[in-house]
**Q** 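Have a look at this one.
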Amino acid sequence: MLQLQIIRENKDSILKALKKRNIDAEPVVNAVLDLDEKRRSIQAKLDATLAESNKLSKEIGSLFKSGKAEEANALKSKTADLKEASKQMGEDLNLAIEALQNQLYQIPNIPHESVPSGNTDEDNEEVSREGDVPVLDDKALPHWELAKKYDIIDFELGAKITGAGFPVYKGKGAKLQRALISYFLDKNTEAGYAEVQPPLMINEASGYGTGQLPDKEGQMYHVQADDLYLIPTAEVPITNLHRGDLLSMKDFPITYTGYTPCFRREAGSYGAHVRGLNRLHQFDKVEIVRIEHPNNSYQALDDMVEHVKTILRELKLPYRILRLCGGDLGFTSALTYDFEVFSTAQDRWLEISSVSNFETYQANRLKLRFKDENGKSQLAHTLNGSSLALPRVLAGILENYQTPDGIKIPEVLVPYCGFEEIN
RNA sequence: GGAGGAAUGGCAGAGUGGUCGAAUGCGGCAGUCUUGAAAACUGUUGAGGGUCACACCUCCGGGGGUUCGAAUCCCUCUUCCUCCGCCA
């Protein structure tokens, strides 16, 4: 959520920046400014009334103390009107605050200046590309065929147990998945990220904190009986670890990594592009999260990008990095780099990581602040990235490492797997 | 699930109806001392709103109530602790 003060002071530049997202934010920004004005005016009146009432109370108190009960009782009657008025104003104030909040929730983050303009994923800017795309023979199969051939992932079985998009990993497929999780976590902890295992369900406050609510309510599974949501990503519980915190400078940087399953309803997604592992309702992901001083957050973002690169290099998967354009940028993000692995057998790029700086957008909702060098509290910056999303890495490995005789295991994973080939 | 207890500033911890936004300790910051550091000593230090700046207002887990006045009394919810039951 954008900071009110910044909206007040920079309306024009905010509107201009939001145009990169192809939205005209003027109506909502105007509504925010009006409601803010309204809120302050109600607040001022309420404060004056309360001040008067406080003053009377003190007088009454001192009159009682000095034994002038009669005068005190006379004053009491004067407070009734004030009380009634302040009650009404309090209700008006709450309504104004709520309305203001609702409008603020509708304004997305301001794109970073480096974000290219554009509407769709086709307008994303490729910033680098690395790795060799293997040359496969004509009999190369997409991963869902390979999964069946070697009996390592069973989509139908998962559909029986739960539904489409909930695969069952079997045998070496399950082991490979576990190997990847361990490998990712090891890489991340070696790089200094502290490992955590957060809850897989979150409450409403956490959902609002990182911005999944109210914006993406329909994308999360909601457990009605307890009013909890299944996490769509570890970003939510891990970033919320510090909701409400007032940090000191020496706490920075705060860095975490965590493995969790992720649950996404993905309502309305069908067709060839969501086949196999390409898009699931439940999938595994290892996440990295950082909380940073504002001056350092873009350096941190670069560090995260570099870190993910080293993993993909070790896995020897061909990848490219995209800087998301305004139209494709997530609601809460200021700058996002997507990593995509080239799947030879499908002849397409698969998104396997998304690394973002949210600047103060989430921190504002989280009330995640720190004391700066002047002793002032200000909002921290939050960042996160996948390192990595398992299914598409798995798809990439299966497809790119296939041979007529079986699927080779990337060298770095062999110690984790305990075998060199799936056949 | 049942019975009790608790929730206070960055942390610990006093405070049971009227200058309490809140003692004290730790921590933080500034200074004295020191070649430097530590120790010691002195001062300072909650958050948010509001204002050009003051004033002023709000906040003692959340919500509601009693009262002229609530951290303090009542109701309710949440969370934590102890005991009992159940259980991976």
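Here is the naming used below: chain letters follow the sequence lines, and residue numbers restart at 1 for every chain. Excluded from the calculations below are hydrogen atoms, water molecules and symmetry mates; all remaining heavy atoms, backbone and side chain alike, are included.
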**Q** Quick test: give all pairs of protein nitrogen or oxygen and nucleotides 62-69 of chain B nitrogen or oxygen below 3.5 Å, distance rounded to 0.1 Å.
**A**
unit_1: C68(B); atom_1: O2'; unit_2: Ser57(A); atom_2: OG; d: 3.0
unit_1: G69(B); atom_1: O4'; unit_2: Ser57(A); atom_2: OG; d: 3.2

**Q** For His222(A) and Phe263(A), I'd like to know if the aromatic rings sit close, meaning centre-to-centre distance below 6.0 Å.
**A**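 For His222(A) and Phe263(A), the ring centres are not under 6.0 Å apart.
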**Q** Round to a whole Å and report the spacing from CE of Met249(A) to C1' of C29(B).
**A**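 Spelled out: CE on Met249(A) to C1' on C29(B) is 13 Å.
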**Q** Between the side chains of Ser206(A) and Asn203(A), is a donor N or O closer than 3.5 angstrom to an acceptor N or O?
**A** yes
**Q** Dump the pairs, protein N or O against N or O of nucleotides 6-12 of chain B, anything under 3.5 Å, distances to one decimal.
**A**
none

**Q** Quick check, are the ring centers of Phe252(A) and Phe370(A) under 6.0 angstrom apart?
**A** yes
**Q** Does any nucleotide pair with G43(B) by Watson-Crick or G-U wobble geometry, both distances under 3.5 Å, and what is it?
**A**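 Its partner is C29(B) (Watson-Crick or G-U wobble, both distances under 3.5 Å).
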**Q** Residues two or more places apart in sequence or in another chain: which of them pass ring-ring contact (aromatic ring centres under 6.0 Å, His included) with Phe166(A)?
**A** His281(A)
**Q** Looking only at side-chain N and O atoms, does Lys250(A) come under 4.0 Å of OP1 or OP2 in G27(B)?
**A**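 No, Lys250(A) has no side-chain N/O under 4.0 Å of OP1/OP2 on G27(B).
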**Q** I'd like to check the ring-ring contact (aromatic ring centres under 6.0 Å, His included) partners of Tyr401(A); sequence neighbours left out, ordered by chain and number.
**A** none
**Q** Quickly work out the Leu4(A) CG to G48(B) C1' distance and round it to whole Å.
**A** 13 Å
**Q** Given that both distances must come in under 3.5 Å, which nucleotide forms a Watson-Crick or G-U wobble pair with U66(B)?
**A** none
**Q** At a heavy-atom distance below 4.0 Å, what parts of residues 37-45 of chain A sit against RNA chain B?
**A**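 Result for residues 37-45 of chain A: Arg39(A), Arg40(A), Gln43(A), sorted by number.
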**Q** Rounded to the nearest angstrom, tell me the gap between atom CG in Leu100(A) and atom P in G50(B).
**A** 11 Å
**Q** Rounded to whole Å, how long is the line connecting atom CE of Met89(A) with atom C1' of U58(B)?
**A**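 Rounding to the nearest Å, CE of Met89(A) and C1' of U58(B) are 15 Å apart.
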**Q** Can you confirm whether or not the ring centre of Tyr193(A) sits under 6.0 Å from the ring centre of His307(A)?
**A** yes
**Q** Arg365(A) CZ to G48(B) P: how many Å, rounded?
**A** 20 Å
**Q** Does U35(B) pair with anything, Watson-Crick or G-U wobble, both distances under 3.5 Å, and if so, with which nucleotide?
**A** none
**Q** Does this structure show an ion pair linking Arg8(A) with Asp36(A), if we count only N-O contacts that are shorter than 4.0 Å?
**A** yes
**Q** What contact category does Lys371(A) fall into here, base, sugar-phosphate, or nothing, at under 4.0 angstrom with non-hydrogen atoms?
**A**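 Result for Lys371(A) = sugar-phosphate.
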**Q** What is the distance from CZ of Phe370(A) to C1' of A47(B), rounded to the nearest Å?
**A** 16 Å
**Q** Of the non-hydrogen atoms in Ile107(A) and Tyr361(A), which two are nearest, and what is the gap between them?
**A**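 Closest heavy-atom pair between Ile107(A) and Tyr361(A): O-OH, 2.5 Å.
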**Q** Look through every strand shown and name the nucleotide pairing with G4(B) as Watson-Crick or G-U wobble, where both distances are under 3.5 Å.
**A** C81(B)
**Q** Is any side-chain nitrogen or oxygen of Asn54(A) closer than 4.0 Å to OP1 or OP2 of U58(B)?
**A** yes
**Q** Answer yes when Lys170(A) and Asp151(A) have at least one side-chain N-carboxylate O distance shorter than 4.0 Å, and no when they do not.
**A** yes
**Q** Who pairs with Asn296(A) by side chain to side chain donor-acceptor pair (under 3.5 Å), at least two apart in sequence or on another chain?
**A** Glu292(A)
**Q** Using a strict threshold of under 4.0 Å (side-chain N to carboxylate O), is an ion pair present between Glu421(A) and Lys172(A)?
**A** no
**Q** Rounded to whole angstroms, how far apart are CG on Asp226(A) and C1' on U79(B)?
**A** 15 Å
